[in-house]
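Beneath this line is the structure, given in structure tokens, with notes to follow.
Everything numeric in this text was worked out from a predicted model, so none of it was measured. Throughout, a chain's letter reflects where its sequence line sits, starting with A, and its residues are numbered from 1.
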Amino acid sequence: MPSISLPDGSRREYPAPVTVAEVAADIGAGLAKAALAGRVDGRLVDTSYPIAGDAALEIVTARDSEGVEVIRHSCAHLLAQAVKELFPGAQVTIGPVIEDGFYYDFAFDRAFTPEDLQAIEDRMRELAQADLQVQRREMPRDEAVALFRGMGEEYKAEIIAAIPAAEAISLYSQGDFVDLCRGPHVPSTGKIPAFKLTKVAGAYWRGDARNAMLQRIYGTAWPNRKELDAYLHRQAEAEKRDHRRLGRRLDLFHIQEEAPGMVFWHPRGWMLYTEIERYMRDRQRAHGYREIRTPQLVDFSLWQRSGHADKFGADMFSLQMDERAFAIKPMNCPCHVQVYNQGLRSYRDLPLRLAEFGSCHRNEPSGSLHGLMRVRGFTQDDAHIFCTEAQIQEEVARFIDFLHGVYADFGFDEVIYRLSTRPEQRVGSDEIWDRAEQALAEALNHQGLEWELLPGEGAFYGPKIEFSLKDVLGRVWQLGTIQVDFSMPERLGAQYVAADDSRQVPVMLHRAVLGSFERFIGILIEHYEGAFPAWLAPVQAVVLNITDRQADYAKSVTETLQNKGFRVENDLRNEKIGFKIREHTLLKTPYLLIVGDRETETQSVAIRTREGEDLGSLSLDRFVDLLGDSVRERGRGTKTTSAE
RNA sequence: GCCGGAAUAGCUCAGCUCGGUAGAGCAGCGCAUUCGUAAUGCGUUGGUCGGAGGUUCGAAUCCUCUUUCCGGCACCA
């Protein structure tokens, strides 16, 4: 006698057990058609799920995010079914839902071609059209292992064999296709309305590089054609923001074959870079850091003592000169300890904050290089705080405040916090790790921040907090970090004299706000789509004359603004004003100052923003104020000077 | 590093399937035009087709190796 309560608070009584689909039909024909799954007492189930007793029920449709996930998950199965029909030799493995879509990994003796992909997608459409019933059944584990082994599905059998023997396995079938799955799934293949296969790529079995390479097919699926199109449009928009493309178009930097993973900065890009560096230097000083500079090339033995050689020796650029081995520094920390070690330190010197815009090189795997985002030569806004254990929490808290201010100045306000704890390969005792992990967790809690735990993701010498932010497209980028290190100071002999005259080993906090300048600039380019706020724009304003008659006035305007410290250029070419406006708009210069006879006479400038807004004619003094304000507000500003 | 794809003028791309020593638009350069808010017109320069081998009478095109890039995977001190 199930009594079923619904989200609107109403209640329905049934004389006998009913399925989710039956309740949906009872409520209305429209809902019955839209039902993709159910949520019974909080648990997601199929629409065929029978409810025997009293329960709370929600009908899940494509309007719910879970409903969309069910569609994507079922679409992964549809993909697997199509592949098995077209390529019986392929073995199925796993097919999870991911953001905006799904993928399915197949073991196959060759790679799928783009033509295969098209054929598979066509077949999926036919199968969806056929509206095959999706059926769920359960089976004891060992029976399921035997079933899949019998079908030649070794990978699937291996997955099932890893499930505890006592658990019943749920299988889903549609047509002749059967797959192991937890579910739930849509009731029939016709409920997968809009999908597209997007790419094919290799992926390791169980995500481990020692295992076989599988063929992964990616796809996206949506409740309707319109949402699918909107998604594809978003993808195309994201592509327009690609920093590699904008980097070339805006003449910021380039990378070439002779120096893979290293950046050639052009004047405009370097202006942006040095502006950011100047800002960071200023902020750092204000937060009690002292800047230093340490060597690029250091005897290999230092890296052996620091422990880097053990774990990363193969990924360091090293060379042999005059029977001595050197390495180009991959990190700054061991060098910073050398600076710390000069002279005898007192507890009164702590905390000692040493900062360096440290140029580092790492031989990153060739396949991981990606524009400015992953390079082999980069510069960190690095610093090491030498302090006592008792000072850790306060230092971490101060750092978090510092970092929040910097991110806000760059126009980012959504920060994501993650705490990574001890990895398998590490230095230092468990007791030390306990203390370090706890100190970081407490600092986060003390600041009232919500954070996520990443077990095993810490650095080899200590746990870390990672600070990520969301850009304008909602993509998450990891930038800042603070790491507690109880090991390296000891390994490298750092000491201080405590109040009781004893010799103690300081704790070292590794920290960075932006991470690498290269990567951060890549993120900024994409976040702003190259339309940098005035304080960062390589050229803040450009003066355009209408005819040669105003050339002298245009030059004097340019000079006046340059003398006020602004980055201003002029464009005196004999071109139509519309042409010049178009060019400088495409170069995303914040302010276009147009001078014709009228402006020359009144000693003013007609201002047009890169957004196409006409600010009218202003006296030069008033424009100086306008630009000055625009620069001062940095990335916290309004629409005129930021992305959108 | 692994799987797959790509590399042709400064940029974006065509030519490659079916081998006969390269073509467009934009940019650049020259000339005319002096024109008030997103492309003025005409003319013109420019490439040993990523590199090295091979097949062939002949290779941008076919084969092998290699470098780099792109999309994933793995890695990321």
Side-chain angles (χ1 to χ4, degrees), chain A residues 103 105 108 110-114 117 198-218 242 244-245 248-249 251 254-261 303 306-316 329-334 360 362-371 373-376 378 380 382 423 425-427 457-462 464 478 481 483 485 488 510 515-516 519 544-551 573-586 592-599 606-610 612-615 617:
Chain A
Y103 67 78
D105 284 349
F108 195 39
R110 65 171 179 84
F112 293 113
T113 64
L117 219 60
T198 50
K199 57 197 162 201
V200 57
Y204 297 109
W205 166 235
R206 291 190 185 279
D208 190 327
R210 288 167 299 190
N211 291 341
M213 177 72 65
L214 305 174
Q215 296 298 318
R216 175 171 298 178
I217 297 177
Y218 285 90
D242 192 306
R244 295 165 297 190
R245 185 180 151 130
R248 187 182 299 117
R249 235 196 62 210
D251 196 18
H254 85 272
I255 296 176
Q256 70 186 46
E257 197 164 341
E258 288 79 358
W303 309 108
S306 72
H308 289 97
D310 273 353
K311 193 161 192 288
F312 296 105
D315 307 317
M316 287 160 57
K329 72 174 167 185
M331 294 203 83
N332 305 300
C333 35
C360 298
R362 299 177 183 174
N363 191 18
E364 301 286 2
S366 55
S368 68
L369 301 180
H370 179 95
M373 303 303 198
R374 188 80 180 270
V375 286
R376 288 191 174 142
F378 57 94
Q380 292 174 307
D382 202 5
Q425 198 185 341
R426 60 179 183 262
V427 296
E457 298 290 315
F460 72 89
Y461 48 72
K464 59 183 176 188
Q478 197 230 305
T481 183
Q483 314 178 354
D485 185 350
M488 202 180 298
H510 306 243
S516 99
R519 184 180 150 81
L544 313 176
N545 60 338
I546 287 172
T547 72
D548 287 346
R549 279 197 303 281
Q550 304 92 32
R573 291 176 301 169
N574 174 16
E575 294 289 353
K576 292 175 114 170
I577 193 67
F579 179 82
K580 295 195 208 177
I581 286 173
R582 177 182 156 80
E583 285 209 336
H584 295 284
T585 301
L586 291 174
L592 312 187
L593 311 183
I594 293 129
V595 298
D597 288 338
R598 286 201 296 275
E599 287 71 24
I607 302 161
R608 179 185 162 112
T609 69
R610 64 186 159 204
E613 198 182 351
D614 183 359
L615 301 185
S617 284

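A distance-only check finds a donor-acceptor pair linking the side chain of A:Arg376 to the backbone of A:Glu364 [under 3.5 Å]. Under a 3.5 Å cut-off, the side chain of A:Glu583 and the backbone N or O of A:Lys580 do not form any donor-acceptor pair. A:Glu613 places no side-chain N or O within 3.5 Å of a backbone atom of A:Thr609 that could act as its donor or acceptor partner. Under the 3.5 Å distance criterion, the side-chain polar atoms of A:Arg519 are matched with a main-chain donor or acceptor of A:Gln478. Side chain of A:Arg362 to backbone of A:Pro330: a donor-acceptor contact under 3.5 angstrom is found.
Note on A:Phe112: nothing from the nucleic acid sits closer than 4.0 angstrom, heavy atoms only. Counting any heavy atom pair closer than 4.0 Å across all strands shown, A:Asp597 reaches a base atom. Using a 4.0 Å heavy-atom cutoff across all strands shown, A:Arg549 reaches sugar-phosphate atoms only and no base atom. At a threshold of 4.0 angstrom between heavy atoms, the contacts of A:His370 are confined to the sugar-phosphate backbone, with no base atom among them. At the heavy-atom level, A:Lys464 lies under 4.0 Å from the strands shown only through sugar-phosphate atoms. Among the atoms of the strands shown, base atoms are found under 4.0 Å from some heavy atom of A:Glu599. Nucleic acid contact for A:Ala203: sugar-phosphate only, since backbone atoms but no base atoms lie under 4.0 Å from a heavy atom of the residue.
The separation between A:Arg376 atom CZ and B:rA77 atom P is 17 Å, rounded to whole Å. Atom pair A:Met373:CE and B:rC75:C1' shows a separation of 18 Å (rounding to whole Å applied).
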Nucleotide N/O to protein N/O under 3.5 Å, stretch nucleotides 38-48 of chain B:
residue, atom, partner, partner atom, Å
B:rA38, OP2, A:Arg608, NH1, 3.4
B:rA38, N7, A:Arg608, NH2, 3.2
B:rA39, N7, A:Arg582, NE, 3.4
B:rA39, N7, A:Arg582, NH1, 3.3
B:rA39, N7, A:Arg582, NH2, 3.4
B:rA39, N6, A:Arg582, NH2, 2.6
B:rA39, N1, A:Arg582, NH2, 3.2

Give every pair of a protein N or O atom and an N or O atom of nucleotides 11-14 of chain B that lie under 3.5 Å apart, one pair per line with the distance.
residue, atom, partner, partner atom, Å
B:rU12, OP1, A:Arg248, NH1, 2.8

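For B:rC69, its base never sits under 3.5 Å from the side chain of A:Arg244 at any donor and acceptor pair. If you check distances only, the side chain of A:Asp548 does reach the base of B:rU34 with a donor-acceptor pair under 3.5 Å.
B:rC62 is paired with B:rG54 under the criterion used here, namely a Watson-Crick or G-U wobble arrangement in which both key atom distances are under 3.5 Å. Using Watson-Crick or G-U wobble geometry with both donor-acceptor distances under 3.5 Å, B:rC26 finds its partner in B:rG10. In this structure, B:rC31 forms a base pair with B:rG41, meeting either the Watson-Crick or the G-U wobble geometry with both donor-acceptor distances under 3.5 Å. With a cut-off of 3.5 Å on both pairing distances, the Watson-Crick or G-U wobble partner of B:rC2 is B:rG72.
A salt bridge is defined here as a Lys NZ or Arg NE, NH1 or NH2 lying under 4.0 Å from an Asp or Glu carboxylate O, and A:Arg206 with A:Asp208 fails to meet this definition.
Side-chain contact between A:Phe312 and A:Met331: absent, with no pair of heavy atoms (C-beta onward) separated by less than 4.5 Å. The side-chain heavy atoms of A:Cys333 and A:His308, taken from C-beta on, include a pair separated by under 4.5 Å.
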